[in-house]
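Positions are given from 1 along the sequence.
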Amino acid sequence: MSELPEKNIPVTIWGATGFAGGELLRIIANHPHMRLAGAVSRSSAGTPVGAAHPHLRHVYPDASFISPERGLDTECDMAFLALPHRASAETAKRLLGGGAKVVDLSADFRLKSAEEYLKWYDAEHPSPELLGEAVYGLPELHREEMKGARLISGVGCNAAAAIFALLPIARGGLIEEARVECRVGSSESGAHGGEGSAHPFRSRSLRVVSPFVHRHMAEVTQELGLPFEKITMGVTAVELVRGIQCVAHVKLNRGVREADIWKLLRAAWGGERFVSTTPAKPAHLRIPDPRFVMGSNRVLTGFALSEDGTRLLAASAIDNLMKGAAGSAVQSANIALGLEESEGVDMTPVYPA
Ligand SMILES: NC(=O)c1ccc[n+]([C@@H]2O[C@H](COP(=O)([O-])OP(=O)(O)OC[C@H]3O[C@@H](n4cnc5c(N)ncnc54)[C@H](OP(=O)(O)O)[C@@H]3O)[C@@H](O)[C@H]2O)c1
């Protein structure tokens, strides 16, 4: 009989009462090597983890949240920060000083320059000296830099969706301009979102949250290597709890055939375990639907090309809490720790959900 792997890598989760924190707890519960050393919360220290996350009560029957002070004293090899930006960078600095590796899901280490951070997040960066070493948290783009890294950022969930939709076309040098539309679920705003996330306001609405400019554009242009002027990005809140559908309307700088686009997609995503492309038929499923990735770390990409070959819909679908947050974070942490990349995050989507 083969032996089960030992859960021998202690990890802490900060912001563990939130949605991304809860998703990290769910993943770690079934991770073959990582074990929960501490679920950190300012507001709920001493209360059971199952009180904030009833779906996890049975997997953490004896675990309670611990205070940030205790969190700093808890030995861990990897800390996952699911905190708001700014609070994250300050915590990251202290944890790195104590010898832990950090994956920070907030926006604090996604951008490469403190000036860009000030522009988009309206605050001086709390730890600009760490920006140089932070690796952007998409393994599909930065796998090699992640090996052995101390500090890995998270991804903006809309940014991740846009990057998966556009990267092959950007690498092909085809983008004249792109209009990125993300249709997003309410969990994107976190467990403590404002009035806009409350059910009576949010439910059944189709609210265009940002028509032209979204913060995540900074990550998208950084990672795609595109000039800012070539992209506009809007986000529409739709009737979903989880999930993002991203459809980018791309004006191409030359006419192409479908076969050219397939080739670019295969070059970008061929061999990527979590990324697949929807087939051309049936036509109504060609533009990916987040329904088919719910609860998983999977990405669906897809496209449709105009008859004259100069206009493209480049699309993707992800679960914002998984590939757009906790799933990518654990996948990245696996690489940083020298583990097999898919450990703990290779779950099958839930359908229908
Ligand atoms: N939701 C998504 O789809 C998503 C996707 C990608 C990235 N992210 C990023 O992940 C992080 C967490 O997002 P979330 O959606 O999980 O938010 P959330 O549900 O609001 O949870 C954040 C948690 O952080 C703690 N917290 C709040 N303010 C704090 C402060 N000033 N200092 C220390 N702790 C504080 C809170 O726990 P206590 O009060 O109990 O300490 C809260 O439960 C954010 O940076 C977000 O940008 C989220």
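A donor-acceptor contact under 3.5 angstrom links the side chains of Thr301 and Thr277, judged on distance only. Judged purely by distance below 3.5 Å, without hydrogens or angles, the side chains of Asp108 and Ser88 never pair a donor atom with an acceptor atom.
Proximity of a side-chain donor or acceptor of Lys101 to a complementary backbone N or O of Cys76 within less than 3.5 Å is not detected. Asn334 places no side-chain N or O within 3.5 Å of a backbone atom of Leu339 that could act as its donor or acceptor partner. A donor-acceptor pair under 3.5 Å is formed between the side chain of Lys7 and the backbone N or O of Met34. Judged by distance alone, the side chain of Arg207 and the main-chain N or O of Phe201 form a donor-acceptor pair under 3.5 Å. Between the side chain of Glu124 and the backbone N or O of Leu118 there is no donor-acceptor pair closer than 3.5 Å.
Counting heavy atoms of neighbouring residues, nucleotides and ligands inside a 6.0 Å radius, atom NE2 of His199 does not exceed 12 of them. Other residues, nucleotides and ligands contribute at most 12 non-hydrogen atoms within 6.0 Å of the CD atom of Glu75. Counting heavy atoms of neighbouring residues, nucleotides and ligands inside a 6.0 Å radius, atom CG of Asp122 does not exceed 12 of them.
Between Glu144 and Lys147 there is a salt bridge, with a side-chain nitrogen of the basic residue lying less than 4.0 Å from a carboxylate oxygen of the acidic one. Between Lys263 and Asp260 there is no salt bridge, since none of the side-chain N atoms of the basic residue sits less than 4.0 Å from a carboxylate O of the acidic one. Ion pairing between Arg143 and Glu272 holds under the 4.0 Å rule for side-chain N and carboxylate O. The residues Glu133 and Arg150 are annotated as salt-bridged, a charged nitrogen and a carboxylate oxygen being separated by less than 4.0 angstrom.
Summarising the geometry of Trp14 relative to Val40, their closest heavy-atom pair is CE3-CG1, 3.5 Å, with the distance given to 0.1 Å.
The closest side-chain heavy-atom distance from Asn158 to His214 is below 4.5 Å. In this structure, Leu141 and Leu167 have side chains that are in contact, with non-hydrogen atoms separated by less than 4.5 Å. Contact check for Ile261 versus Leu174: side-chain heavy atoms found under the 4.5 Å cut-off.
Taking the six-membered ring where tryptophan is involved, the planes of Tyr136 and His142 are perpendicular, since the angle between them exceeds 60° and thus also 30°.
The only member of Met233, Lys119, His85, Arg110 that meets side-chain contact (heavy atoms from CB on, under 4.5 Å) when paired with Arg215 is His85.
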**Prompt:** Do Arg179 and Thr232 pass the side chain to side chain donor-acceptor pair (under 3.5 Å) test, and can you show the C-alpha distance, the side-chain angles, and the key distance before you say yes or no?
**Reply:** CA-CA 5 Å; Arg179 162 73 191 159; Thr232 62; 3.1 Å; yes
**Asked** What do the steps show when you test Phe303 against Trp269 for ring pair (Phe, Tyr, Trp, His ring centres under 6.0 Å), and what is the final call?
**Response** CA-CA 14 Å; Phe303 73 92; Trp269 309 130; over 10 Å; no
